[in-house]
Amino acid sequence: MMTRNYETIFIAKTSLMDARVAEIKEKTRQVIEAHKGKILNVDDWGKRRMSYPIQKEFKGHYICLTYSGDNGCVAELERNMRINEDIIRFVAVNVEDK
């Protein structure tokens with residue numbers, strides 16, 4: 001399979017302790033590496049106010065992951081984020097090399 005660069009931004013609940021946010025980051029790293037992906041960068045943007053409330057939350061903890069992998073890696077990462085109740089919203093996009 002062809003590996004491409006992807007960027008996933010997800011929003012975690014602000015009520016989480018820093019240790020729980022670190023667990024979520026570690027779990028995403030494990031999922032990516034289990035599917036032969038490679039993490040290029042992890043940006044923790046911190047807690048920010050959202051434009052509109054999501055699930056009655058007005059603030060969120062934003063984290064941006066940049067990684068390389070194949071379609072299976074992205075699908076599994078999205079599946080894990082979908083079932084995690086601590087993640088409010090996520091989006092994964094393909095990053096074109098320029």
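Model, not experiment: these values are computed from the prediction. This chain uses plain numbering: 1 for the first residue, then up along the sequence.
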Per-pair distances, 0.1 Å, donor-acceptor, side chain in residues 20-40, under 3.5 Å, sequence neighbours excluded:
unit_1 : atom_1 : unit_2 : atom_2 : d
Arg20  : NE     : Asp86  : OD2    : 2.7
Arg20  : NH1    : Glu23  : OE1    : 3.2
Arg20  : NH2    : Asp86  : OD2    : 2.9
Lys25  : NZ     : Asp44  : OD2    : 3.0
Glu26  : OE1    : Arg29  : NE     : 3.2
Glu26  : OE2    : Arg29  : NE     : 3.3
Glu26  : OE2    : Arg29  : NH2    : 2.2
Glu26  : OE2    : Gln30  : NE2    : 3.3
Thr28  : OG1    : Ile24  : O      : 3.3
Thr28  : OG1    : Lys25  : O      : 2.7
Arg29  : NH1    : Glu33  : OE1    : 2.5
Arg29  : NH1    : Glu33  : OE2    : 3.2
His35  : ND1    : Val31  : O      : 3.1

Problem set entry | Test side-chain contact (heavy atoms from CB on, under 4.5 Å) applied to Val91 and Thr8, step by step | CA-CA 6 Å; Val91 64; Thr8 298; over 6 Å; no
Problem set entry | Test log, rule side-chain contact (heavy atoms from CB on, under 4.5 Å), inputs Glu57 and Lys13 | CA-CA 7 Å; Glu57 298 275 342; Lys13 293 180 179 179; 4.1 Å; yes
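Here Thr14 pairs with nothing under the side-chain hydrogen bond (donor to acceptor under 3.5 Å, both in side chains) rule; sequence neighbours left out. For Asn80, the side-chain hydrogen bond (donor to acceptor under 3.5 Å, both in side chains) test picks out Glu76, with sequence neighbours left out. For the side chain to side chain contact (heavy atoms under 4.5 Å, CB included) test, residues two or more places apart in sequence or in another chain that qualify with Asn94 are Arg4, Tyr6, Glu96.
Side-chain heavy-atom separations under 4.5 angstrom define the hydrophobic clusters, and Met17 shares its cluster with no other residue. The hydrophobic cluster containing Phe58, built from Ile/Leu/Val/Met/Phe/Trp/Tyr side-chain heavy atoms closer than 4.5 Å, comprises no other residue. When hydrophobic residues (I, L, V, M, F, W, Y) are linked wherever their side-chain heavy atoms come within less than 4.5 Å, Ile83 remains an isolated member.
Counting heavy atoms from C-beta on, the side chains of Tyr62 and Met50 come closer than 4.5 Å. For the pair Tyr67 and Glu7, the minimum side-chain heavy-atom distance is 4.5 Å or more. Looking at Met2 and Asn71, their side chains never come closer than 4.5 Å, going by heavy atoms from C-beta outward.
Atom OG of Ser15 and atom NZ of Lys59 lie 12.5 Å apart (nearest 0.5 Å). Atom CG of Asp43 and atom OG1 of Thr66 lie 6.5 Å apart (nearest 0.5 Å). To the nearest 0.5 Å, atom CD1 of residue Ile63 and atom CZ of residue Phe90 are 14.0 Å apart. Put simply, OG on Ser68 and CG on Asn5 are 5.5 Å apart, with the number rounded to the nearest 0.5 Å.
Considering His61, Met81, Arg89 as possible partners of Phe10, the one that fulfils the side-chain contact (heavy atoms from CB on, under 4.5 Å) test is Met81.
Hydrophobic clustering (ILVMFWY, side-chain heavy atoms < 4.5 Å, transitive): Ile88 and Trp45 are in one cluster.
Residues Val74 and Ala92 share a closest heavy-atom pair of CG1-CB, 4.2 Å.
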